[in-house]
Amino acid sequence: MTEYGPQPVDRRLPTEEARDLLTLVRDLAEREIRPTAAEEEEVGRFPRETFALLSESGLLSLPYDEEFGGGGQPYEVYLQVLEELAAARLTVGLGVSVHTLACHALAGFGTKEQRAEHLPDMLGGGLLGAYCLSEPSSGSDAASLTTRATRQGDAWILDGTKAWTTHGGVADFYTVLARTGGSGAHGITAFLVPGDAEGLSAAAPERKMGMKGSPTAQLHFDGVRVPDSRRLGDEGQGFAIALSALDSGRLGIAACAIGVAQAALDEALAYTAERQQFGRPIVDFQGLRFMLADMATQIEAGRALYLTAARLRDAGLPFSKEAAMSKLFCTDAAMRVTTDAVQLLGGYGYTVDFPAERYMREAKVLQIVEGTNQIQRMVIARHLAGPEKR
C-alpha cells in the first residue's frame, strides 16, 4: 500500500516574514474557512464575517503601501496568499482579489488627500469593495460602456446600469467607470462611490452554477450624486486606470485558479490513496498515476508562470503580456485539473458529498472573469505581432 498523499505546497518566499505570513494564512484558512465552505456554498451564504476577520488580520491590504494602512507586501507574496485562500474557498480568495482591484484606482491614481481620507478604512477598517466596469451590453468591449456621469457644479450625477459586479449589493464602496465625454476609451472617468449612496440599488444576485456564496449582481445608478472630490484621476483617464488594474487583477485570478486546482489535486490524491480496488489502492495503478502526474505538472507550471509575472510587476517592469499568459494558462489548467479530479473519484466525484464537483464548477468561471481567455489570447498576440489590421 502506498504511503503517499497530499503534501503542503513547497513555496519559495523572499523573506522569513513572508513565510510566517503564509503559515498564518494557511492556519486561518484551515480553521475558519475550509470547514464550512461546502455547506455555505450549497446554501449560497456570503461569509461577510470572514472578510471582517481578514481585514482585522491585515489580509485585505497586503500589496498596498504601509503609509495608508497597507501591508507593504510584494505581489509575489500577496498572490500566494490568494492561492491559499482560494484553495480553502474560492468565494473568499476571489473576494480578496476583487477588493484589492477595487482599491487600485484610489491607491494608484488618487491624490494624497484622497488616499489619506479613504484608504485606511478601505484597507483595514472592515470595509469591502467592488469594481464596476462591465455592463449588460459591454463586457469584453469595455470601452463601449454607456453609464453616464454628468457634471453638475462640484458634483457628478451617475445614471446607468453595471453588470456582473462581484459583491454587488453587499460592498461598502464601488470603483465605478462612467462616461464623462464622447464615445470610446478616452471619454471614461473613474469614481469612488459609497455603497449606501442615494439612488444606488442592486438587483437580485445572479443564479450561478458555482460560487453561489459570492453575490454577483447588476447595479442601478439612478441619479447618484458623487462629489468631484471622489473622482479618481483626471477626466478621461478612467479607461487607462481600468486597464492598469486589470493587468494586476488577472494575476489575482491566476493565483485563485491554481489554488482551486491544488485543492482538487489534494482531494484526488487523498481519495486515490484510500480507495481500494482489486486488492490495492487505486493510486498504485499506472493510468491513474499518470493523470495525477499531469495534474501536478500543470499546477506547478501555472504557479511558476504567475510568480514570474508578479516578480516583473514588483520590479517595476512591464508585465501585461505575462499577466495575460498567466490568466490564460492557469485558468485553463484549473479546468482540466478539476475535471480530472472528478474522474479520479469516479461516481463519488459526481456527488456533492465530495468537493471535487464544486471545484470543477468553480473553475469554469475563472476562464471568463477579468477578460475571457479568448481576450487573453488577443492581448498576447498583440504583444507578439502588433495590433490586428482592420
Side-chain angles (χ1 to χ4, degrees), residues 41 44 46 79 82-83 85-87 89-102 130-145 161-168 171 175 177 203-219 242-243 245-261 263-264 298 302 305-306 309 320 323-342 357-382:
E41 285 298 325
F46 179 62
L79 292 178
L82 273 191
E83 184 189 325
L85 294 173
R89 185 178 179 187
L90 182 58
T91 284
V92 175
L94 187 68
V96 173
S97 181
V98 166
H99 175 83
T100 301
L101 183 70
Y131 189 76
C132 300
L133 177 61
S134 294
E135 297 182 359
S137 60
S138 66
S140 296
D141 183 15
S144 68
L145 65 84
T161 298
K162 292 295 182 179
W164 309 113
T165 304
T166 301
H167 301 158
T175 294
L177 284 302
E206 306 288 351
R207 299 171 63 191
K208 301 174 296 186
M209 68 183 285
M211 288 192 68
K212 297 179 181 179
S214 176
T216 304
Q218 287 192 358
L219 289 177
L243 291 183
L246 288 177
D247 281 341
S248 298
R250 284 165 181 165
L251 293 183
I253 299 301
C256 286
I258 294 302
V260 173
Q298 292 174 78
L305 186 56
Y306 86 63
S320 180
M325 288 177 168
S326 299
K327 198 273 182 181
L328 168 64
F329 183 88
C330 292
T331 59
D332 280 354
M335 195 70 247
R336 290 190 296 268
V337 168
T338 56
T339 301
D340 282 349
V342 171
E357 60 85 28
R358 173 165 59 88
Y359 297 147
M360 186 177 76
R361 288 186 288 105
E362 291 176 342
K364 184 63 215 176
V365 75
L366 299 176
Q367 295 178 302
I368 299 170
V369 297
E370 303 282 358
T372 66
N373 282 6
Q374 286 68 37
I375 291 292
Q376 306 312 314
R377 290 176 169 89
M378 291 173 62
V379 171
I380 296 164
R382 284 173 189 160

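Note that this is a predicted model, so its numbers are computed, not measured.
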Practice task
Please step through side-chain contact (heavy atoms from CB on, under 4.5 Å) for the pair Thr166 and Val369, ending with a clear verdict.
Solution key: CA-CA 10 Å; Thr166 301; Val369 297; over 6 Å; no
Exercise for the section: Apply the test side-chain contact (heavy atoms from CB on, under 4.5 Å) to residues Lys208 and Val365: give CA-CA distance (whole Å), side-chain angles for both, the deciding distance (0.1 Å), then the verdict. Expected result: CA-CA 9 Å; Lys208 301 174 296 186; Val365 75; over 6 Å; no
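In terms of modelled atom types and a separation under 3.5 Å, the side chain of Glu83 and the main chain of Ala255 share no donor-acceptor contact. With hydrogens and angles disregarded, no donor-acceptor distance shorter than 3.5 Å links the side chain of Glu357 to the backbone of Val342.
The shortest side-chain heavy-atom distance between Glu362 and Met209 does not fall under the 4.5 Å cut-off. Side-chain contact between Ile375 and Arg250 is present, with heavy atoms from C-beta onward closer than 4.5 Å. Contact of the Glu206 side chain with the Gln218 side chain is registered, since non-hydrogen atoms from C-beta on lie closer than 4.5 Å.
Of the inter-residue distances, the one linking Leu79 atom CG with Thr100 atom OG1 reads 9.5 Å to the nearest 0.5 angstrom. With values rounded to the nearest 0.5 angstrom, Gln376 atom CD is found 6.5 Å from Ile380 atom CD1. Rounding to the nearest 0.5 angstrom, the gap separating the OG1 atom in Thr175 from the CG atom in Leu101 is 7.5 Å. A distance of 11.0 Å separates OG1 of Thr331 from CD of Glu370, quoted to the nearest 0.5 Å. Summarising the geometry, atom CG belonging to Leu90 is positioned 10.5 Å from atom OH belonging to Tyr359; distances are rounded to the nearest 0.5 Å. To the nearest 0.5 Å, the span separating CG on Leu145 from OG1 on Thr161 amounts to 12.0 Å.
Taking all atoms of both residues into account, the shortest heavy-atom contact from Ser137 to Ser144 is O-OG, 4.4 Å. In this structure, Gly302 and Ile258 approach most closely via the heavy-atom pair CA-CD1, 3.9 Å. Taking both residues in full, the closest heavy atoms of Val98 and Tyr131 are given as CG1-N, 4.5 Å, listed atom of the first, atom of the second, then distance. Of all heavy-atom pairs spanning Ala254 and Cys330, the tightest one is O-CB, 3.6 Å. Gly93 approaches Leu85 most closely through the heavy-atom pair CA-CB, 3.9 Å. Heavy atoms only, all atoms of each residue included: Ala130 and His167 are closest at CB-CB, 4.0 Å.
The salt bridge (charged side-chain N to carboxylate O under 4.0 Å, His left out) with Asp332 is formed by just one residue from the set Lys364, Lys327, Arg377; it is Arg377.
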